[in-house]
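Sequence lines set the chain letters: A, B, ... in the order given, protein chains first and strands last, and positions in each chain run from 1.
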Amino acid sequence: MEGRWGASWLASLPVWLTTAVLVGCADSGPTGPEPPQAFDLLVLNSTGQTMARFTVAEEVRVAGSKVDLGPNFDGDALDVSSLHAVSTISSFGGSRVVFVELETGTVSTSGFPEPEGNLANPSQPAFDESGAVWVGGRGSDAVYRVTPGEAVATRIGEAVGTFVERVVPIGDELWAVDANIDDEGFTFQPLGPSRVVVLARSGEVRRIIELPAGAPNARDAVLSAGRLVVLAGGTFDPVTFAPDGNGAIVTIDVADESLSVPVPLDGNGIGLESGRDGLIYVTSTTDFVTIDLLRFDPATGAFQRGPDNPIRIRDAAGSRVDCWTATALADRRLLCATFSFAEAGRLLLLDSEGRALSEVPSGFGTTDIRLLE
Amino acid sequence: MKSAGSAVFAAMLATAAVAWGSAVTAAQARVPPTAPGGTASPDSTFLLEVKVVSEAGERLSGAFVEAHALGSEGSVAAGTVVQLRPEGQVHVGQLSAGVPYRIIVQAWGHERTVRVVEVAGETARFLRVVLPLDPYLLPEIEAKASGSPVAGLAGRSVQRVRFADRPLVYGSVGEWLAEQPGVTIRQRGAGGRQAVTVRGSRPEGVLVLLDGAPMNDPLTGRADLSLLPPSTLETATLVRGVGSASHGPGAGAAVLLLTSRVPDGRAASGSLAVSSFGGRFGNAYASAVGRRGRASLSVAVTEAENDYPYQNRLLPGAPTERRGNSDYRSVNSAVSGGMGPVLASVRLDRAERGVPGRMGTSIFESARWSEHGWTAFLSAESAGARLNASMHSRRQVYVADAESPESVLSSREWRVSGRTAVGDRLGILLSGRFSHESVTGDELGKPAPRTMTGGSLERPVRAGRLLLEPAVGVDVTRGAWAVSPGLALRLVPASAWSMWVRAGRGFRLPTFGDLFFASAYRVQPNPDLVPETVRLDAEVGVEAELGRGGWRFDWALDVYYRRTADPIVWLASATAVWSPRNLGDLLAWGVELDGSLKLGRAEESGWRLRLSGSLDRSRLGFGSNRNPLPYQPEVSGFMAAERWSPWGSLRLTLRSIGSRTTSVAATRRLPAFTVVDVSLTRRIPIRLLALEIMLRVENVLDRRFEMIELFPEPGRRFHVRLQVR
């Protein structure tokens, strides 16, 4: 592998040199090339129970101290608005929505209404354009709305599904992704096809879009290029928990609700992120140990770097890196983070081909990255 | 067999006078004024004739006796005076009248016994010592003749308590352990499981043997001490340091040896206790001796609601809530019997409790857990050889709520061990052990039983004031084998102090949970694990005693270091699927200090002040991480002030635990805390009965703390205990 990688790198060297010269010339001023635009980003450390801030320019650097999200924190997804970051705590920690003021780092939490209370088991949260957060209840099968400072979320829709993983606000509607798996029996096996339940913001169900059978266990979705891109995580062996390798990407045209044919991952899906370059970055695994990074173009509905040609992520020493989650800057540079429980994970700034440009420790158990505006 | 009964009765009398707070079996004996065979000596010295017999009344031919002058007045030079006779009578010569001596009596396969002897003016004395059979701990010491090899625990720090002597003091084994330096009890709130860590270890690094059978959970490798009330136990012995050479796998940092109550002459006792938050306890014990042997029965019933208030710090304003589903009920019983050198026991332990989970969540508000277990033990001894057999069976049931199916785990393990000396001149001690474990469970698939065979070879060497103990253990199981060497050295430069150095290696096998546990969601076992290995466990210690007249000061200082390679740790993979892995290394090192000052000449009344503490550093190393081991306090201390008299006793203790991290990520630290307990005991003799009433206030200052994050401990608690003997 090292030899092939070396040969590949050498083969592409002239292209890279030419590109670098062109980019350098284009950006040259009287005093030389201008540095890339700086971005701030947030990283969620699920097992470290912290949120960390970094700055990306030519390299990635730590920006400030970590925010302690509390002893009961166990969320794995993050979203940001201009003022707040939001994540969630599962029913093991009492079912809470966690807000962090970006300016001060102040942490506050909101609960869920009775009777489900701390059994609501919230899913991945999402801000809408007004600053409200929409979240599904994996345990309560409901959809909630909550704003920072509210003590208790408001239940909007009930009996939305069996395992609501994500609520995506689109226009005046809510598109709720229901994995439709058995969580009450703790088998987490599919009860039927995954679904997208379309609700009015007032909560009534308007339509149900059933996903194809080749897209089991829908676990995340993002809106991009007028399509809802849904990640079907795939199933696993109920005894050994070995992955079945049947994850897929399905897109739904928001305008006419037409479904694409599932695009197989040849593995089980882990993460789905929308890049600033307009492309979708998907992580998948075939063994729950190694992870591939794929690049999906929502406009064409096809992979640019699919399972047979994943982005090969290497650190500065040339060693393989398995990223739980990854996204891209507008200049197509990549950011990826590893999930590690025994030591701090790694946050890498990469070129578009996955070669490391810079690296810092991200924290314990990193599961999400969010670029700030 | 009449002599057996009187011997047992004598032993009971001797042990009844054990000093309060002593960690070993120690008794001060007034030597009878006349003695057969004694000879007078000039200048107020005398010859002490020690007769050592077993509980069965038989003379112990291999006894070993040491006499140490307490304080500096003794005309006996520092060290040991030993004269051995094969029939079990020992003459210890040239002792000074008016000087207290510590007489240490040891015999192969019997409990080490310490007596303090002082003779006021007479010239010849006779002392009879009855050594109880020690069926569980492989013999500490053997002596065939003067100067012969001695094997045992020379290079170790050992603490022992005889619960029967302190029936009201300790409500749990954990309470006693928490007073020992370098020991931490991890508990998930009142009524929760109690796990013990020693010298910066993890709980699975401490092998807990009850009547020779492992109590460590086959799934987790951790022993739950909350299941065993002290009232059904005879002794607890904590042997620090790796113990694989003697005990095989599992004893990476320490061995905790627990023994069920054994016959103790003709006696009966009972106790009742009530405490805050619905605590109720009762126990009864009866012992009898007859022509054919001896037998005892011990039964204990425990109940507690544990519905104590706590502050939910996860919610704004930290409102006060009441702990729920943390009730606990148990029934424990032990039957023990013996005939001559044969001892057998059977005990039944049954417990049922709620599993309340962390504060702030109701997901476990109906979760219940129960365990039924039985342990059988048989020990037999003949001249020069010893055989022990233990069997332990348990069934654990967990149910998430009333509507969920039960999750059942059953396990059974039996062990046979033996020991013999190979020739008097060779001085080699040979031990063998064989164990068989089998486990079945809903989430375990079909794990194969595990059989392990092992043995050890020891060749102690004694030269003057130097004791050298080399040993090597070998254990073999399918797919794995381990060699566990050890070397200990003890030097006794003077009677008042000694020092020791020890180094050894050990190992721990993956648990059945590590290898086979396959819960349906995000958990995978790892059949490719290798045993974790204690590459080096070493310590250097010194202990001394100072005393004159009415005071005595004992102290010990110990420095330890341990490196464990490939520790087995459950971790989430790169995709957050949980699985055990061999992970880098685990380094632990620290300092332990223990000092005790006793004031008062008489045993019936006096003062004692004890101070102990430890500095412990433990680092889990993986990649670039060297964060502290979670929940390991780096500083801990204990202080006890006691006053006792024939009227009763007053005991004030102060236990301090330093701050500790809550995860490998070390994001947060739980704050340090100090807990003060006070107990007052009144003794009321009524004819042949000894009635004791104890009032105890636990956590007097009502400190609120958590041993495990988000598992609140109760605040102030009141106990009333009543004991009749």
Trainee: Please flag which part of Leu315(B) lies under 4.5 Å from any non-hydrogen atom of chain A: side chain, backbone, both or neither.
Mentor: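 Contact with chain A involves the side chain of Leu315(B) alone.
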
Trainee: Does any backbone or side-chain atom of Val664(B) lie under 4.5 Å from a heavy atom of chain A? Answer side chain, backbone, both or neither.
Mentor: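 Contact with chain A: backbone and side chain both.
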
Trainee: Less than 4.5 Å to any heavy atom of chain B: does that hold for the side chain of Thr338(A), its backbone, both, or neither?
Mentor: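 Neither; nothing under 4.5 Å.
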
Trainee: Is it the case that atom CD in Glu403(B) sees more than 12 heavy atoms from other parts of the structure closer than 6.0 Å?
Mentor: no

Trainee: Below 30° counts as parallel, above 60° as perpendicular, anything between as tilted: where do the rings of Phe364(B) and Phe92(A) land?
Mentor: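 Taking Phe92(A) first and then Phe364(B), their aromatic rings sit tilted (interplane angle of 30° to 60°).
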
Trainee: I need the residue from Ile270(A), Asp68(A), Thr290(A), Thr109(A) with the largest number of non-hydrogen atom pairs under 4.5 Å to chain B.
Mentor: Asp68(A)

Trainee: Using a cut-off of under 4.5 Å on heavy-atom pairs, state which of Thr285(A), Leu119(A), Thr367(A) scores highest against chain B.
Mentor: Leu119(A)

Trainee: Hey, which of Ala342(A), Gly48(A), Gly94(A) has the most heavy atom pairs under 4.5 Å with chain B?
Mentor: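 Among Ala342(A), Gly48(A), Gly94(A), the one with the most close pairs to chain B is Ala342(A).
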
Trainee: Which heavy atom of Glu343(A) sits nearest a heavy atom of Phe622(B), and at what distance?
Mentor: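 Minimum heavy-atom separation between Glu343(A) and Phe622(B): OE1-O, 3.4 Å.
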
Trainee: Say you draw a straight line from CG of Asn45(A) to OG1 of Thr667(B); how long is it, rounded to the nearest 0.5 Å?
Mentor: 8.0 Å

Trainee: Which bit of Arg313(B) is near chain A, if near means a heavy-atom gap under 4.5 Å: side chain, backbone, both or neither?
Mentor: side chain

Trainee: To the nearest 0.5 Å, what is the distance between CG on Asp237(A) and CD on Gln524(B)?
Mentor: 9.5 Å

Trainee: Most heavy-atom pairs under 4.5 angstrom with chain B, which of Ser46(A), Cys323(A), Gly70(A)?
Mentor: Gly70(A)

Trainee: Under 4.5 Å heavy-atom distance to chain B, tell me which part of Ala344(A) shows up: side chain, backbone, both or neither.
Mentor: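 For Ala344(A), no heavy atom lies under 4.5 Å from chain B.
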
Trainee: Minimum heavy-atom separation for Ala572(B) to Phe339(A), with atom names?
Mentor: CB-CE2, 3.5 Å

Trainee: Does Arg626(B), at its CZ atom, have more than 12 non-hydrogen atoms belonging to other residues, nucleotides or ligands within less than 6.0 Å?
Mentor: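 More than 12 heavy atoms, drawn from other residues, nucleotides or ligands, come within 6.0 Å of this atom.
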
Trainee: Working to the nearest 0.5 Å, report the span between CG of Leu314(B) and CG of Asn118(A).
Mentor: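 Rounded to the nearest 0.5 Å, the CG-CG separation comes out at 10.5 Å.
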
Trainee: Could you look at Thr662(B) and say if it's the side chain, the backbone, both or neither that has a heavy atom under 4.5 Å from chain A?
Mentor: neither

Trainee: Would you check if Val577(B) and Phe236(A) make a side-chain contact, meaning some heavy-atom pair closer than 4.5 Å?
Mentor: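 Result no, sub-4.5 Å side-chain heavy-atom pair not found.
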
Trainee: Might you point out which heavy atoms bring Ser91(A) and Ile363(B) nearest each other, and give the distance in Å?
Mentor: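 What the structure gives for the nearest pair is OG-CD1, 3.3 Å.
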
Trainee: Indicate yes or no: at least one non-hydrogen side-chain atom of Arg358(B) is less than 4.5 angstrom from one of Pro71(A).
Mentor: no

